[in-house]
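Here the structure is laid out as structure tokens; the discussion comes afterwards.
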Amino acid sequence: MATIAFIGLGNMGGPMALNLVKAGHTVRVFDLNHDAVHAIAELGALPCSSSCGAAAGAEVVITMLPAGKHVRGLYLGEEGLIQTVADDALLIDSSTIDAESARVVAEAAARRGIEFVDAPVSGGTAGAAAGTLTFICGGSDAGFARARPILENMGANIFHAGAAGAGQVAKICNNMLLAVLMAGTSEALQLGIHNGLDPKVLSEIIKVSSGGNWTLEKYNPCPDVMENVPSSKGYQGGFMVDLMCKDLGLAMQTATDSHSPTPMGALATSLFRLHAAKGNGKRDFSSIFEQFAHQQEQ
Ligand code: NAD
């Protein structure tokens, strides 16, 4: 069993850290939000008063923060984690951030001879709680080999996508495609509804036809077609439109930097930003379905 520092105990980090506690590791936790620290301390984690305090002497440090600026701020600089952790510490960042920030932090760690693995996740808060996340890792073979047994306590599928930053690139490729599929599926279902079809019947047809995809199998955006999905619960819970917009922004930046044509991703980005601007930022991303509905006449 290892001594692990876990920093960032939000919607994802809290349940992930708890799974490490349940696996028998010594888990030292810190978050700027004291309530989040206390909640997991009551379940067996050791509360710390600073990130460096949690990380000092730990064999593994895991971070789960909102965005690249938070990750750079925590790891870099004279008082950053990289300067204060033990010589043989393994650093794992599971936040979804820009690949460039992941590479900059990995290079700074390498200058101290420390392994840094970017390991963003797919699977949402339900996957975090159930310990069934997919981890998509970037880093050296040695870093990945050390990270894998730790990540297995929190996830069911652990992939090594390539060198530093590759985990973040693979993650945003996936989420860009997910956004395209959700918007396209919504558009197709609304087209059927406007022409008199039952969305349940149409969904069953497309699911086993050439238009079949993950959103129809697991996350139908039309209310009351599937049970226990956000669309059947008022689009509450699940994956927020604001977070999808963040990921699409990262995808568009990556496309710009690599001169990659991504017209479908660009259109999906505009659609989700429009949806957020209309006050839907905190709702589940499948609520994009409503953008394609016929409006009721006043
Ligand atoms: P969250 O906002 O709930 O949690 C982030 C936590 O980080 C907060 O508790 C905040 O207080 C803490 N924090 C920020 N800066 C800190 C610092 N310097 N030191 C210590 N703590 C700090 O976010 P989340 O939903 O847990 O998501 C975390 C990351 O995972 C994001 O990058 C997100 O895009 C990604 N992600 C989220 C989901 C999801 O469904 N929520 C799914 C996959 C990936």
Side-chain angles (χ1 to χ4, degrees), residues 6 8-20 22 31 33 35-36 38-40 42-43 64-67 70 94-97 120-136 154-157 171-172 174-187 189-190 199-200 203 207 213-251 268-269 271-293:
F6 203 113
L9 305 166
N11 292 327
M12 295 293 287
M16 290 166 70
L18 185 57
N19 280 328
L20 293 172
K22 286 181 186 163
D31 193 295
N33 175 353
D35 291 345
H38 289 311
I40 185 161
E42 289 195 349
L43 299 170
M64 192 54 166
L65 305 172
H70 305 96
S94 283
S95 327
T96 300
I97 64 171
V121 301
S122 178
T125 50
T132 56
L133 292 169
T134 294
F135 284 89
I136 311 167
M154 301 177 282
N157 299 296
K171 160 81 183 171
I172 52 125
N174 176 74
N175 278 27
M176 185 182 80
L177 180 57
L178 174 62
V180 169
L181 290 172
M182 188 57 87
T185 300
S186 296
E187 183 179 308
L189 291 179
Q190 292 282 23
K200 273 190 188 172
S203 294
K207 204 160 73 177
N213 68 76
W214 183 89
T215 71
L216 285 168
E217 282 164 21
K218 300 267 175 66
Y219 216 104
N220 197 299
C222 179
D224 302 324
V225 169
M226 288 177 83
E227 289 178 3
N228 291 322
V229 290
S231 61
S232 297
K233 295 187 273 188
Y235 296 107
Q236 297 306 304
F239 183 50
M240 282 192 304
V241 171
D242 282 344
L243 281 180
M244 179 53 98
C245 286
K246 182 195 83 161
D247 290 358
L248 286 166
L250 293 175
T269 303
L271 285 169
F272 277 97
R273 283 183 183 159
L274 179 69
H275 193 47
K278 288 184 175 177
N280 298 297
K282 304 288 177 243
R283 301 172 79 207
D284 179 71
F285 81 116
S286 64
S287 60
I288 194 79
F289 179 77
E290 293 177 350
Q291 292 295 334
F292 304 99

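Worth saying up front: this structure is predicted, and the values here are computed from it rather than measured. Only heavy atoms go into these numbers, but all of them, side chains included; no hydrogens, no water, no symmetry mates.
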How about P230 and F285: do any of their side-chain heavy atoms sit closer than 4.5 Å?
-> no
State whether the number of non-hydrogen atoms from other residues, nucleotides or ligands found under 6.0 Å of K200 atom NZ is greater than 12.
-> no
What are the two closest non-hydrogen atoms of N19 and A130, and how far apart are they?
-> ND2-C, 4.4 Å
Hits for side-chain contact (heavy atoms from CB on, under 4.5 Å) against A36, two or more places apart or cross-chain, chain-then-number order -> L9, D31, N33
Are M16 and S94 side-chain neighbours, meaning at least one heavy-atom pair lies under 4.5 Å?
-> yes
Euclidean distance, L65 CG relative to M12 CE, rounded to 0.5 Å = 13.0 Å
Least distance between heavy atoms, F289 atom then P223 atom | CE2-CD, 3.8 Å
Check: residues 231-241 side-chain donor-acceptor pairs under 3.5 Å, at least two apart:
unit_1	atom_1	unit_2	atom_2	d
S231	OG	N220	O	2.6
S232	OG	D224	N	3.0
S232	OG	M226	O	2.5
Y235	OH	P221	O	2.6
Q236	NE2	G234	O	3.2

For the residue pair S203 and V225, what are the closest heavy atoms and their distance?
-> OG-CG1, 3.9 Å
Nearest 0.5 Å please: distance from the NZ atom of K171 over to the CD1 atom of I97.
-> 12.5 Å
Residues that N174 engages under side-chain contact (heavy atoms from CB on, under 4.5 Å), provided they are two or more places apart = S122
Please list, chain by chain and in numerical order, all residues satisfying side-chain contact (heavy atoms from CB on, under 4.5 Å) with T269, sequence neighbours excluded.
-> L248, M252, R273
Which heavy-atom pair separates L133 from A128 by the least distance, and what is that distance?
-> CD2-N, 3.5 Å
Is the closest side-chain heavy-atom distance between K278 and Q291 below 4.5 Å?
-> yes
Where do A183 and L271 come nearest, in terms of heavy atoms and distance?
-> CB-CD1, 4.1 Å
Grab the two heavy atoms, one from L189 and one from P199, that are nearest each other, plus how far apart they are.
-> CD2-O, 4.4 Å
Is there a side-chain contact between T215 and L178, using heavy atoms and a 4.5 Å cut-off?
-> yes
H70 side chain to A67 main-chain N or O, any donor-acceptor pair under 3.5 Å?
-> yes
Pairs touching residues 239-251 that satisfy side chain to side chain donor-acceptor pair (under 3.5 Å), sequence neighbours left out = N175-D247, D242-K282
M154 side chain near V121 side chain, heavy-atom distance below 4.5 Å = no
Looking at side-chain heavy atoms only, is the closest gap between Y219 and D284 below 4.5 Å?
-> yes
Set of residues satisfying side-chain contact (heavy atoms from CB on, under 4.5 Å) with respect to I172, sequence neighbours excluded = L250, A251, T254
Do the side chains of H275 and M244 get nearer than 4.5 Å, heavy atoms only?
-> no
